[in-house]
Amino acid sequence: MLLNETAEQIRSMEIRGAGRIARKAAAALRDHAAGLETPDTASFARSMKEAADLLVATRPTAVSLPNAVQTVMRSFEGAGSVAEAKAAVKTAADSFILSSRHAVEWIGEIGSRHISDGDVILTHCNSEAALSCILAAHGEGKAIEVFATEVRPRNQGLLTIRALNDAGIQTNFIVDSAVRSYINEVDLVITGADAITVNGAVVNKIGTSQIALAAHEARTPMLVAAETYKFAPRTILGERIAIEEREAGEVLDPRIAAGLPHVRVRNPAFDVTPASYVDLIVTEVGAIPPAMAYCIIRDYLGWGIGEFHKEFSIDQMTKE
Ligand code: RUB
């Protein structure tokens, strides 16, 4: 698929969900590289950098996107020819896509061990990783029931209830504001994540932090299902996760808004749940307490304090 087309599909949310976005971005870079006709590796690198920047700018919150792009972009560093660089990009993109799919499966296997026969689970938004846990538990024959939220304003809950229904799982569909009314009937909350910071805070669909708060008060455990590439390396350097604010028209019909000059619509797409409200993060390399986020970043994303020094010296060099 063409690069600009993929970028537009991510921007418009035709392609959505942090894992899917990451895989599509990797595929778009791979296809872009294959079609490039550049005379040398330097111009190849420049064109790939432009493509990478375009993709990363589409949605600012899900760090799976820059992490996937970074994986592909690092693959051709030091390539001796354009052909070698193209081959490296293809291998890196294909292997990212494959390992991402496997990660979602493994998360399902690990996450399902935290689900008991007879459990009532609440989920929010539409997360492949969270659904993988729920579907795996159901596949193991556990009799589970799910509460799924509507997820205003984009109604991703509709995707979730369809998947649950198709699997034959008993599901209750509720408006977002009904969570507290049902939280005492829920045994476990499972959500996905768009980003996890070095202090274990979880960035996910708007409303997740309210659900976590209600779950915390009700002593209902909260599980977050997230592949390792959802962890945000640059939070080690103090970088904050940007929370995407989408257009007002998603929340309020512009014709109504036009008659309300004193009303400003706010439409953040994500929020931050503090680590203290999260019991466990289920990754493809195991279930970890949020306090171990740094270890995941160091061990699986290859970003340690050494990278910081490297970045710092590069910054310094470009200033000098
Ligand atoms: C999607 C969302 C999902 C995470 C995880 O938001 O918040 O919970 O991306 O999803 P949006 P997954 O619909 O705005 O992209 O587990 O599928 O990666």
Side-chain angles (χ1 to χ4, degrees), residues 6-26 55-56 58-68 96-97 99-112 121-136 146 148-164 176 179 189-197 201-212 222-232 241-247 250-251 267-273 278 281-284 287:
T6 303
E8 189 43 42
Q9 285 179 338
I10 296 174
R11 202 176 292 117
S12 67
M13 291 178 62
E14 198 178 315
I15 297 168
R16 50 145 300 283
R20 276 190 199 90
I21 290 173
R23 286 193 296 275
K24 291 287 185 183
L55 289 166
V56 168
T58 51
R59 292 195 77 190
T61 302
V63 296
S64 53
L65 174 58
N67 282 345
F96 176 83
I97 294 165
S99 63
S100 163
R101 292 210 180 100
H102 284 152
V104 174
E105 271 174 44
W106 288 331
I107 286 170
E109 279 186 31
I110 299 170
S112 70
I121 298 157
L122 185 140
T123 191
H124 183 56
C125 198
N126 178 253
S127 156
E128 282 184 326
L131 273 174
S132 181
C133 303
I134 296 169
L135 294 173
V146 176
T149 49
E150 185 182 23
V151 195
R152 278 275 294 154
R154 296 290 298 234
N155 302 312
Q156 287 93 329
L158 292 174
L159 300 170
T160 298
I161 59 170
R162 184 154 300 283
L164 294 167
D176 302 320
V179 166
V189 173
I190 309 182
T191 70
D194 283 84
I196 298 170
T197 65
V202 171
V203 182
N204 192 48
K205 180 52 55 195
I206 191 76
T208 303
S209 69
Q210 265 176 209
I211 294 172
M222 166 126 182
L223 231 72
V224 171
E227 305 89 298
T228 47
Y229 55 78
K230 308 274 179 69
F231 288 71
I241 303 291
I243 301 292
E244 175 183 12
E245 184 150 357
R246 296 188 62 87
E247 61 195 54
E250 288 186 347
V251 177
N267 185 20
F270 301 96
D271 65 19
V272 184
T273 299
V278 176
I281 302 175
V282 180
T283 76
E284 72 275 22

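These numbers come from the heavy atoms of this one structure, side chains and all, not from hydrogens, waters or symmetry mates. Counting convention: from 1, in listed order, for ligands and their atoms alike. Since the model is a prediction, treat every value here as computed from it, not as a measurement.
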- Answer yes or no: does an N/O atom from Ile21 fall short of 3.5 Å to an N/O atom of ligand 1? no
- Message: Would Ala225 count as a polar contact of ligand 1, with the cut-off being nitrogen or oxygen pairs under 3.5 Å?
- Response: no
Nearest candidate to [atom], where distance is taken over non-hydrogen atoms, out of [options]:
atom                    : options                       : value
atom 10 (O) of ligand 1 : Ser64, Ser127, Cys125, Gly192 : Ser127
atom 14 (O) of ligand 1 : Lys205, Arg20, Arg154         : Lys205
atom 17 (O) of ligand 1 : Glu227, Arg23, Glu244, Glu128 : Glu128
atom 4 (C) of ligand 1  : Val202, Thr208, Asp194        : Asp194

- Query: Crowded around Arg11 CZ? As in, over 12 foreign heavy atoms under 6.0 Å?
  - Reply: yes
- Quick check: are there more than 12 heavy atoms from other residues, nucleotides or ligands sitting under 6.0 Å from CD of Glu244? yes
- Query: Does Ala269 have a non-hydrogen atom less than 4.0 Å from ligand 1?
  - Reply: no
- What do you reckon, does His124 put a non-hydrogen atom under 4.0 Å from ligand 1? no
[X] side-chain N/O to [Y] backbone N/O, donor-acceptor pair under 3.5 Å:
X      : Y      : value
Lys230 : Val63  : no
Asp194 : Thr61  : no
Thr191 : Thr123 : no
Asn67  : Phe231 : yes
Arg16  : Asn126 : yes
Asn267 : Glu247 : yes
His124 : Ile206 : yes

Atoms of ligand 1, numbered as shown, that sit under 4.0 Å from any heavy atom of [X]:
X      : answer
Gln156 : 11 (P), 13 (O), 14 (O)
Met13  : 13 (O), 14 (O)
Gly19  : 18 (O)
Lys230 : 12 (P), 16 (O), 18 (O)
Ala18  : 9 (O), 10 (O), 18 (O)
Asn204 : 2 (C), 3 (C), 4 (C), 7 (O), 8 (O)

- Query: Excluding sequence neighbours, so at least two apart, what forms side-chain contact (heavy atoms from CB on, under 4.5 Å) with Ala68?
  - Reply: Ala22, Phe96
Please write down residue, atom name and distance for the protein heavy atom closest to [atom].
atom                    : value
atom 15 (O) of ligand 1 : Arg59 NH1, 2.8 Å
atom 13 (O) of ligand 1 : Arg16 NE, 2.5 Å
atom 5 (C) of ligand 1  : Ala193 O, 3.5 Å

When the side chains of residues 100-108 are checked against the rest of the protein, which donor-acceptor pairs come out under 3.5 Å, sequence neighbours left out?
unit_1, atom_1, unit_2, atom_2, d
Ser100, OG, Arg23, NH1, 2.7
Ser100, OG, Tyr229, OH, 2.6

